[in-house]
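Just so you know, ligand 1 is whichever comes first in the structure, and atom 1 is the first atom listed for that ligand. Just so you know, these numbers use all the heavy atoms, side chains as well, and skip hydrogens, waters and symmetry mates. Along the sequence shown, residues are numbered consecutively beginning with 1.
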Amino acid sequence: MKRIVVVAAMLALSAGAVVAQQDQVNKTQAQMKETGKNAGAIAAMIKGEKPYDQATVDAALAKFEDTAKKLPTLFPESTKGLKPEGDYSASPKIWEDKAGFESHIASFTKVVADTKGKVKDVDTLKAEMPGLFKQCGGCHETYRLKKG
Ligand code: HEC
């Protein structure tokens with residue numbers, strides 16, 4: 001009897017842990033989607049589809065900074081193998097090559113910090129942003145998987 005209780009308690013615990021991990025995966029994806037939305041707003045200004053807007057630029061850079069700060073905790077080892085609902089998921093390389101992943105976070109963080117305060121108009125936007133977006137692509141290339 002006691003054993004059954006223990007087993008039941010353990011099952012409940014691990015089910016709770018899986019829910020928490022899936023929750024983290026969904027939160028991570030929401031953070032990246034928000035980041036993507038902000039990048040899209042910037043891209044529209046670079047392409048001239050939208051007029052230059054300083055508030056949009058500042059909000060995007062604040063979001064990128066927030067993402068850079070959160071990236072080190074967005075992918076705990078316990079979420080390895082879990083998939084969010086969207087089109088992308090985390091590559092196992094995040095945990096297999098932790099040093100490489102962390103160095104991408106560090107360089108992204110640095111570029112975001114360097115870019116802050118430099119963008120004042122559409123010319124500086126066009127000068128600064130491609131380098132920053134390269135950081136996004138550089139990490140995705142290795143550490144993000146397209147679900148197929
Ligand atoms: C250090 C690595 C890293 C950096 C830097 C990074 N990302 Fe990501 N990104 C990921 C990983 C890993 C995923 C896959 C996990 C996921 O989709 O939840 C992802 C997923 C995404 C997604 C897909 C979300 C979905 O629908 O599944 C978007 C959009 C995105 N990133 C945008 C950006 C943008 C824009 C930048 C730069 C401003 C950026 N990311 C910088 C690692 C990074």
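- Annotation: atom 26 (O) of ligand 1 to nearest protein heavy atom, Lys33 CE, 3.0 Å.
- A pairwise comparison of heavy atoms in Val57 and Ile42 identifies CA-CD1, 4.0 Å as the closest pair.
- Distances from atom 2 (C) of ligand 1 to the heavy atoms of Ser89, Gly138, Ser107, Cys139 show the closest one on Cys139.
- Contact between Phe101 and ligand 1 is present, with at least one heavy atom of the residue lying under 4.0 Å from the ligand.
- Closest non-hydrogen pair, Thr35 versus Lys63, comes out as CA-CG, 4.1 Å.
- Neither the backbone nor the side chain of Leu145 comes within contact range of ligand 1; no heavy atom lies under 4.0 Å.
- With Lys83, Met129, Met32 as candidates, the residue nearest to atom 6 (C) of ligand 1 on a non-hydrogen basis is Met32.
- Side chains of Lys93 and Phe101 form no contact here, defined as non-hydrogen atoms less than 4.5 Å apart.
- Nearest to atom 11 (C) of ligand 1 by heavy atom, out of Tyr88, Phe75, Phe64, is Phe75.
- Considering both main-chain and side-chain atoms, His140 comes within under 3.5 Å of ligand 1 through a nitrogen or oxygen pair.
- Under the 3.5 Å distance criterion, with hydrogens and angles disregarded, a donor-acceptor pair is assigned to the side chains of Asp121 and Thr124.
- Ranking protein heavy atoms by distance to atom 12 (C) of ligand 1, first place goes to Tyr143 O, 3.3 Å.
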- [ ] Step by step, work out the side chain to side chain contact (heavy atoms under 4.5 Å, CB included) result for Lys126 and Lys47.
- [x] CA-CA 9 Å; Lys126 283 181 180 166; Lys47 286 189 225 152; over 6 Å; no
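- Counting heavy atoms under 4.0 Å from ligand 1, residue Ala39 touches it through the side chain alone.
- In terms of protein heavy-atom proximity, atom 5 (C) of ligand 1 is nearest to Phe108 CG, 3.5 Å.
- A salt bridge links Lys37 with Glu34: at least one charged nitrogen is closer than 4.0 Å to a carboxylate oxygen.
- A salt bridge is defined here as a Lys NZ or Arg NE, NH1 or NH2 lying under 4.0 Å from an Asp or Glu carboxylate O, and Lys69 with Asp66 fails to meet this definition.
- With ligand atoms numbered from 1 in the order given, ligand 1 contributes 1 (C) to contacts under 4.0 Å with heavy atoms of Ile105.
- Using a 4.0 Å cut-off between charged side-chain N and carboxylate O, Asp114 and Lys118 make no salt bridge.
- In terms of protein heavy-atom proximity, atom 36 (C) of ligand 1 is closest to Cys136 SG, 2.8 Å.
- For the pair Glu65 and Lys116, the salt-bridge criterion is met [side-chain N within less than 4.0 Å of a carboxylate O].
- A donor-acceptor contact under 3.5 angstrom links the side chains of Gln24 and Thr28, judged on distance only.
- Of all atoms in ligand 1, numbered sequentially from 1 with element shown, those under 4.0 Å from a heavy atom of Ile94 are 12 (C).
- When only interatomic distances are considered, the shortest N/O to N/O separation between Gln29 and ligand 1 falls below 3.5 Å.
- Residue nearest to atom 13 (C) of ligand 1, selected from Lys146, Gln135, Lys134, Arg144: Arg144 (by heavy-atom distance).
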